[in-house]
Undergrad: 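Before I ask anything, let me first share the structure, which is written out below as structure tokens.
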Amino acid sequence: MSKTPSKPGPKASQKIEQAFEKALDPFASALKRATRAPAAAEPAAAPPPAGKPGLKISPLAVPFPAIPPIGGVEIAAARAGFYKHERDDLVVFRFARGTSCAGVFTRHKIGSAPVDWCKKQLGASEGGKDVRALVVNAGCANAFTGKAGADAARRTASEVAKRFGCRQRDVMLASTGVIGVVLDDKKIVARLPEVEHALDGDVPPTEQWARAGRGIMTTDTFPKGSYAEAEIEGYKVRIAGIAKGSGMIAPDMATMLAFIVTDADIHPNVLRALLGLHVRTTFNSVTVDGDTSTNDTCLLFATGASGAPRIGRVGDRRLKSFSAALDKVMLDLAHQLVRDGEGATKFVKVTVDGAASPASARKLAKSIADSPLVKTAIAGEDANWGRVVMAVGKTEEPVDRDRLAIKFGPHQAAIDGAPSPTYDEAKMSAYMRNPEIDITVDVASGRASATVWTCDLTKGYIEINGDYRS
């Protein structure tokens, strides 16, 4: 005798509904775009202005990459009016149902309201398992703003949640700009209809990402983006990201702001582990001026739209290709922060070998990279290795003075604790005129190594920061 199938319970019905919605989200958007009448071809419009007026594009700038569609995410930018001049300063990401999220944040003692918000939501039970939106504004950091700033952040999340049909806990927030000014959330809310219309539009993916990159700029001079592909069990997965940061860069977790999206299907705990693994040698290994921000945030989202099998375990071997591609994207974005360092003219790689431990190597490398005397010498194209010696010795880390060696690129400046007998001033001066400089120091105290990337320190840095609020 056959049994009549029982009806699924409320929870089962909800899971089935969510599965269908997640599967159909990217296809529904594609169908909507496909059914529109094609527009007549027009010359490409100039990108909307971004960044601070009057700043010249960094001589170390790199072009924004081509980014193909990434299923499960749509991006729009708008002008909310946090800046006096005409520019986009609001960016919204909308994600498919079931998108996973993880983040790493500043360890600064005075974190911003958006940082507090994201840490609370992602740290809650089931946090990061169904994130539907990210709202980013430039021009106001909403940091050191007390309860008023926290309330503004909450209201922003609430209004976006109402429009996107999700819980406010599923909306991530990030802000950048002037510290000590409460966010005027009404400016964001007023632009949400325009943003929602744009999210449903047919802007090409690369332009969506590029406009988002421009929309989060402050003193940046070019938008920063990166793209890579990986494979999970024969499925191609895509990873794309943007970042911003030019000054107040000595991250103690990630960067000023970085947002990375993949169409892989990965559990939030695994995303968190991957960020923790790669952040140390990418975002935490760059410095512009030695100052850590109140707003440092790096968020990683996984929409699951690629069709690749879900990864739910940190040690899963299927993550190998993905992990390598994620590291590539994060390091590329981190390098671009340095290339856009305020007033920068030189991209500098500092490597310390022969250290007593990895932690010691990192401390030594950061001491060199953060030294104003080293950085100004590089700006002046002067291979003043005496300043490198100073930066090494002041750390109190284990160093064998009588075996210390220093190189600028291929040229030996010092060896065995003394000036190199092969030192050639003409060759060294010619090398220092290059836009990219490598400094290698062997402290002869062990086998550990570390690399930190930085830039030079020029008059441009003082000019930019001398009138930052004006």
Side-chain angles (χ1 to χ4, degrees), residues 29 33 39 41-53 55-80 82-83 85-95 133-139 174 176-177 191 194-229 238-246 255-263 297-301 303 325 328-340:
S29 297
R33 288 192 291 268
E42 294 180 2
K52 188 171 183 177
L55 292 183
K56 294 181 179 179
I57 296 176
S58 169
L60 305 170
V62 295
F64 198 86
I67 299 178
I70 295 182
V73 60
E74 294 143 340
I75 314 170
R79 185 191 179 199
F82 293 108
Y83 286 96
H85 58 286
E86 185 75 29
R87 58 155 287 178
D88 287 340
D89 52 12
L90 173 65
V91 175
V92 177
F93 289 65
R94 182 171 63 187
F95 301 105
L134 165 65
V135 182
V136 191
N137 75 274
T176 183
R191 291 299 176 194
E194 174 188 337
V195 165
E196 200 166 16
H197 178 74
L199 288 169
D200 292 329
D202 54 3
V203 178
T206 292
E207 181 53 29
Q208 286 185 35
W209 284 95
R211 190 167 178 182
R214 293 190 294 267
I216 63 175
M217 290 165 56
T218 51
T219 56
D220 304 64
T221 67
F222 66 91
K224 300 160 185 63
S226 187
Y227 174 76
E229 295 179 354
R238 294 169 168 172
I239 308 170
I242 56 173
K244 66 82 50 186
S246 189
T255 180
M256 286 281 293
L257 295 180
F259 311 113
I260 304 167
V261 182
T262 177
D263 56 7
T297 297
C298 179
L299 293 170
L300 174 59
F301 303 86
T303 70
K328 179 182 176 182
V329 167
M330 291 172 66
L331 186 60
D332 184 16
L333 291 173
H335 283 181
Q336 290 183 54
L337 301 181
V338 172
R339 290 182 174 277
D340 204 14

Undergrad: Partners of Ser58 by side-chain hydrogen bond (donor to acceptor under 3.5 Å, both in side chains), sequence neighbours excluded?
TA: none

Undergrad: Could you work out, with side-chain contact (heavy atoms from CB on, under 4.5 Å) as the rule, every residue matching Ala198, not counting sequence neighbours?
TA: Ala76

Undergrad: Enter the distance from Leu257:CG to Ile242:CD1 here, rounded to the nearest 0.5 Å.
TA: 9.0 Å

Undergrad: Quick one: NZ on Lys328 to CD on Glu229, what's the gap to the nearest 0.5 Å?
TA: 9.0 Å

Undergrad: Look up atom CZ in Phe259 and atom CG in Leu333, then write down how far apart they are to the nearest 0.5 Å.
TA: 11.5 Å

Undergrad: I'd like to check the side-chain contact (heavy atoms from CB on, under 4.5 Å) partners of Ala240; sequence neighbours left out, ordered by chain and number.
TA: Ile67, Ile70, Trp209, Tyr227

Undergrad: Apply salt bridge (Lys or Arg N to Asp or Glu O under 4.0 Å) to the pair Arg191 and Asp88, showing each step before the final yes or no.
TA: CA-CA 11 Å; Arg191 291 299 176 194; Asp88 287 340; over 6 Å; no

Undergrad: Test of understanding: with salt bridge (Lys or Arg N to Asp or Glu O under 4.0 Å), list the residues that count as partners of Arg238, not counting sequence neighbours.
TA: none

Undergrad: Report the residues that fulfil side-chain hydrogen bond (donor to acceptor under 3.5 Å, both in side chains) with Asp263, sequence neighbours left out, ordered by chain and then residue number.
TA: none

Undergrad: What verdict does the side chain to side chain contact (heavy atoms under 4.5 Å, CB included) test give for Phe222 and Gln336, after you've listed the backbone C-alpha separation in whole Å, the side-chain angles of each residue and the deciding distance to 0.1 Å?
TA: CA-CA 9 Å; Phe222 66 91; Gln336 290 183 54; 3.7 Å; yes

Undergrad: Using 0.5 Å steps for rounding, measure from the CZ atom of Phe64 to the CZ atom of Arg211.
TA: 13.0 Å

Undergrad: Which value, rounded to the nearest 0.5 Å, describes the distance between Thr219 atom OG1 and Lys244 atom NZ?
TA: 6.0 Å

Undergrad: Considering all heavy atoms of both residues, which atom of Ala138 and which atom of Gly215 are nearest to each other, and what is their separation?
TA: CB-O, 3.6 Å

Undergrad: What pairs with Phe301 under ring pair (Phe, Tyr, Trp, His ring centres under 6.0 Å), at least two apart in sequence or on another chain?
TA: Phe95

